[in-house]
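Comments concern the structure below.
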There are 2 protein chains.
Amino acid sequence: MIRIVIAEDQQMLRGALTALLKFEADIEVVAEVSDGQAAWEVIQSEQPDVCLLDIEMPFMNGLELAEKIRTDALLQSCKVVIVTTFARPGYLQKAIDAKVDGYLLKDEPIDYLIESIRKVIKGERVISMDLAATLFMKEENPLSLRETEVLRLAKSGLTTSEICNELFLTKGTVRNYLSSAIQKLESETRQQAINTAVQKGWI
Amino acid sequence: MIRIVIAEDQQMLRGALTALLKFEADIEVVAEVSDGQAAWEVIQSEQPDVCLLDIEMPFMNGLELAEKIRTDALLQSCKVVIVTTFARPGYLQKAIDAKVDGYLLKDEPIDYLIESIRKVIKGERVISMDLAATLFMKEENPLSLRETEVLRLAKSGLTTSEICNELFLTKGTVRNYLSSAIQKLESETRQQAINTAVQKGWI
DNA sequence: AAAAGCTTATGACACATGTCATAAGCTACA
DNA sequence: TGTAGCTTATGACATGTGTCATAAGCTTTT
């Protein structure tokens, strides 16, 4: 019997997945939760064979959670499958770094998900077809730590002076970071830079 | 027998819904499609009792589709239920204008969806609890047509001069529109104005 | 030890952005 | 027939933004 925990914040999808997985004779859904914190608690207490994790969840996202599971000595045999809407290279990279066993898009059929669960139990790794392509086309995030930070703040609508107050930098420095971020992302304005960075999953 | 068409672009959720609705004795899923255009075609040919429509779909969104269904003489008896992730007042307003029969969030349990299908068939209207609240707290979109247009273009990263080329206006005019949009949205920069407008579903 | 790259900073320049006052033409509504 | 609101426009002003040259201190890698 494959024991599974489902962490997905969208109730309709979570309920539907749980309902359908219950029809599989070899699968048992031991818990279904809607946020990262609750997921972490139930994973520790239940020690499931497989965790299905959404990325965007309250309190703790699926990638951070995957990282925590991988570095916990008691959870070495627990397989991790990320299930997400987003085909962002940045997300995929983080998932690979966290050594997840599967990375599926919500745009896959459920049968593929079920099949994938059985595969990761056997020690195989699974990845959505669409994503296998982005793996090869993968672009490294060209932004430095500070550039990323500054751009993230710019995204939330802060002006240069507000950003420099936030990070205890001078205006000039912040403008320099934004300038180089804009150039690295081949954009012309901060807005465009923000758009591409979001789209690539870099901020 | 209640005949249903499901239009939802996320395959996993669409498949799950279809699978679960098939267990209901009084419900028949006559078609499931992944974009607005395909939905429109199948709705015309199948004449279903109920359409479940996602909002964000390729080719035609669910709100435009709802509008088309409501204005088609042959589809007067077809009930429309919007099922979406987003609790944006702007979306809800458009849905109400299109006289939809139901507006549910994907954050509801499936049982509620099934129950809602039976209710709209009886002529009732259904709306998610969370949304009933926003209905009362509803804020009117304070932006004029032009202001909305200009802000939408700004959102995609265009500079003032690019926007004025796009709309055949002078730079000064575009700046005035942005300025008044920023003030109406109680923001300080175009970026902040864009953020709040997106969040309210106004652009 | 040298090279490369990140972090921080300054000053200067050109241009973009946001505000304000003002105004003319238009539509819709009372 | 006003009056209100939208659309369009101009000029002026202050401030914000993006680029460039330059540089010092720091860590990491070769």
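Proteins come first, then strands; the chains are lettered A, B, ... in the order of their sequence lines, and each starts at number 1.
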Could you tell me whether B/Arg118 and B/Glu124 have a side-chain N and a carboxylate O separated by less than 4.0 Å?
-> no

Has A/Thr160 got a side-chain N or O lying under 4.0 Å from the OP1 or OP2 atom of D/dG16?
-> no

Nearest-angstrom distance from the residue atom CG of A/Leu178 to P of D/dT17 = 8 Å

N-O pairing of B/Lys68 and B/Glu64 below 4.0 Å | no

A/Lys171 NZ to C/dT8 C1', straight-line distance once rounded to whole Å = 17 Å

Does some side-chain heavy atom of A/Val126 sit less than 4.5 Å from a side-chain heavy atom of A/Asp101?
-> no

Starting from the 5' end of DNA chain D, give me the residue, B/Glu147 or B/Gly172, whose nearest nucleotide shows up first.
-> B/Glu147

Side-chain heavy atoms of B/Gln47 within contact of B/Leu74, under 4.5 Å | yes

Phosphate-side-chain proximity, B/Ser179 and C/dT19, N/O vs OP1/OP2 below 4.0 Å = yes

Rounded to whole angstroms, how far apart are CG on A/Leu185 and C1' on D/dG18?
-> 14 Å

Looking at CD1 of B/Ile6 and CD1 of B/Ile4, how far apart are the two atoms once the value is rounded to the nearest 0.5 Å?
-> 6.5 Å

Below 4.0 angstrom, N of the basic side chain to O of the carboxylate: do A/Asp54 and A/Lys106 qualify?
-> yes

Verify the contact: side-chain N or O of A/Thr170 to OP1 or OP2 of C/dT10, cut-off strictly under 4.0 Å; return yes or no.
-> yes

Any donor-acceptor N/O pair, B/Glu8 side chain to B/Gln10 backbone, under 3.5 Å | yes

A/Tyr177 side chain near C/dT8 phosphate (N/O to OP1/OP2, under 4.0 Å) | yes

When the distance from CG of A/Leu145 to P of D/dT28 is rounded to whole Å, what number comes out?
-> 13 Å

Angle by which the axis turns from one end of the helix from C/dA1-D/dT30 to C/dA30-D/dT1 to the other, five pairs per end, to 10 degrees | 40°

Any side-chain N or O of A/Ser144 less than 4.0 Å from the OP1 or OP2 oxygen of C/dG5?
-> no

Touch class at under 4.0 angstrom, heavy-atom based, for A/Gln183 against every strand present = sugar-phosphate

For the side chain of A/Asn176 and the base of C/dT10, is some donor closer than 3.5 Å to an acceptor across the two?
-> yes

Separation of atom CG in B/Leu151 from atom P in D/dT7, rounded to whole Å = 14 Å

Starting at atom CZ of B/Arg190, determine the distance to atom C1' of D/dG18, rounded to an integer number of angstrom.
-> 14 Å

What's the CZ-C1' distance between A/Arg175 and D/dT15, to the nearest Å?
-> 11 Å

Ionic contact status for A/Arg146 with A/Glu149, cut-off 4.0 Å = yes

May I have the distance from B/Gln192 (atom CD) to C/dT17 (atom P), rounded to whole angstrom?
-> 16 Å

Between C/dT10, D/dG18, D/dT17, which nucleotide has the shortest distance from any of its atoms to the side chain of A/Thr159?
-> D/dT17

Checking all strands, does A/Arg146 fall into the base, sugar-phosphate, or nothing category for heavy-atom contacts under 4.0 angstrom?
-> sugar-phosphate

